[in-house]
Engineer: 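I'd like to ask some things about the structure below.
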Amino acid sequence: MIKFEDVTKFYPGQETAALRNINLEIDKGEFVFLVGQSGSGKSTFLRLILREYRPTKGNLYVAGKNLATLNQWKVPQLRRQMGMVFQDFRLLPGKTVYENVAFALQVIGKPNKLIRRIVPETLELVGLAGKGDRLGEELSGGEQQRVAIARAFVNRPKILIADEPTGNLDPETSVGIMKLLDRINRTETTVIMATHDASIVDQMRRRVLELRNGELVRDQSKGIYGTA
Ligand code: ADP
Ligand code: ADP
């Protein structure tokens, strides 16, 4: 599903690489934690997969395409195969739960009939059945993150990318969010999650990739957080 081939990324004007000589593969349906201190390169790793940047060197294959050479006009098509979840939820202000999720389908031109069927199904899947009419800002943090996950997943992406999705949530709420991501992963969706949440990583025991100063220093199956 994803293959890094000697990927290096320099930001313009920087003398040290944000990522250096990364080689790894992530298969369809894997659940991968990305750990490492602030500045170790986690966001850069995710943003390369999203094709927000191109690698400075090397090849990066995502869903069969080499992002190093992919034409810019094909980027929207690539992104439709990915869902994205953030630490700060990023719901649309002033919109209902239903509208937040429906919007993700409207922007890619899905017919209203399909939207009216799929959105309630997806809200049920994430545990928000009956909350479609609530405004995003009226909800608890955990519920807002469920809306964000529903929005990211409603188009059934191949890859779900989560950047610190439990970073603003208390431990109990975080466990609920992880159960949901686990359920999504069981539908063969590849999940890549950057996190500083040691207890979550230690409970889930999934593959762990650790970055340090832009280098991959650990690739551990059924791993632990274990970073200094
Ligand atoms: P993390 O997500 O692990 O905190 P990042 O990928 O954001 O790490 O950062 C990796 C390195 O790249 C850091 O040294 C950071 O300062 C640098 N960096 C990140 N974004 C930019 C940018 N837009 N321009 C220049 N340097 C950047
Ligand atoms: P359209 O008029 O474009 O066909 P819809 O009939 O899907 O749009 O929806 C009209 C409005 O009703 C939208 O603002 C939508 O958010 C809301 N809506 C539709 N279905 C539901 C639902 N099951 N729960 C909550 N709100 C809904």
Side-chain angles (χ1 to χ4, degrees), residues 1-26 30-63 65-70 72 75-76 78-79 82-90 141 144-145 148-149 152 157 159-169 174 177-178 181 185 190-204 206-221 223-228:
M1 182 59 64
I2 297 172
K3 185 176 187 185
F4 282 71
E5 257 180 20
D6 212 25
V7 169
T8 293
K9 167 67 186 170
F10 280 93
Y11 286 102
Q14 300 293 306
E15 297 197 345
T16 48
L19 283 179
R20 185 185 300 277
N21 304 116
I22 304 293
N23 287 286
L24 59 89
E25 279 184 61
I26 298 172
E30 271 199 270
F31 195 117
V32 179
F33 287 116
L34 189 59
V35 307
Q37 291 179 356
S38 210
S40 60
K42 302 182 298 297
S43 302
T44 304
F45 185 97
L46 299 179
R47 296 173 96 173
L48 286 172
I49 294 170
L50 289 161
R51 191 35 181 79
E52 288 182 24
Y53 308 114
R54 283 179 206 268
T56 311
K57 189 167 80 64
N59 293 309
L60 172 54
Y61 300 90
V62 176
K65 303 274 188 276
N66 186 355
L67 305 201
T69 55
L70 187 75
Q72 191 61 33
V75 170
L78 172 86
R79 296 230 177 102
M82 303 195 239
M84 185 77 202
V85 177
F86 304 93
Q87 177 170 1
D88 56 358
F89 322 133
R90 303 199 189 174
Q144 289 190 45
Q145 195 60 295
I149 292 169
I159 303 168
L160 187 76
I161 291 180
D163 195 355
E164 298 267 2
T166 62
N168 282 347
L169 305 175
S174 297
I177 291 297
M178 292 315 297
L181 292 179
N185 174 242
T190 305
V191 178
I192 305 175
M193 172 171 159
T195 188
H196 286 114
D197 195 330
S199 72
I200 290 284
V201 175
D202 291 349
Q203 280 170 57
M204 298 270 297
R206 301 302 188 97
R207 183 176 178 187
V208 175
L209 302 175
E210 182 179 351
L211 294 171
R212 192 178 295 156
N213 300 324
E215 292 187 72
L216 182 66
V217 295
R218 181 162 59 112
D219 182 350
Q220 184 181 22
S221 63
I224 53 165
Y225 185 74
T227 179

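Computed from a predicted model, the values in this text were never measured in an experiment. In listed order, ligands and their atoms are each counted from 1.
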Engineer: Please walk me through it: do F4 and L216 pass side-chain contact (heavy atoms from CB on, under 4.5 Å)?
Structural biologist: CA-CA 11 Å; F4 282 71; L216 182 66; over 6 Å; no
Engineer: For residues 7-18, which side-chain donor-acceptor pairs fall under 3.5 Å, sequence neighbours excluded?
Structural biologist:
unit_1, atom_1, unit_2, atom_2, d
T8, OG1, N21, N, 3.0
Y11, OH, T44, OG1, 2.7

Engineer: Protein residues near ligand 1, heavy-atom distance below 4.0 Å?
Structural biologist: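 For ligand 1, the contacting residues are Y11, Q14, A18, Q37, S38, G39, S40, G41, K42, S43, T44.
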Engineer: Keeping to residues at least two apart or across chains, list the salt bridge (charged side-chain N to carboxylate O under 4.0 Å, His left out) pairs with something in residues 41-51.
Structural biologist: R47-E52
Engineer: Look at the side chain of Q145 and the backbone N and O of F86, then say whether any donor-acceptor pair between them is shorter than 3.5 Å.
Structural biologist: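 Side chain of Q145 to backbone of F86: a pair is present.
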Engineer: Tell me, please, which residues at least two apart from D202 pass salt bridge (charged side-chain N to carboxylate O under 4.0 Å, His left out).
Structural biologist: none
Engineer: Would you say the side-chain atoms of D6 pair up with the backbone N or O of G58, donor to acceptor, closer than 3.5 Å?
Structural biologist: no
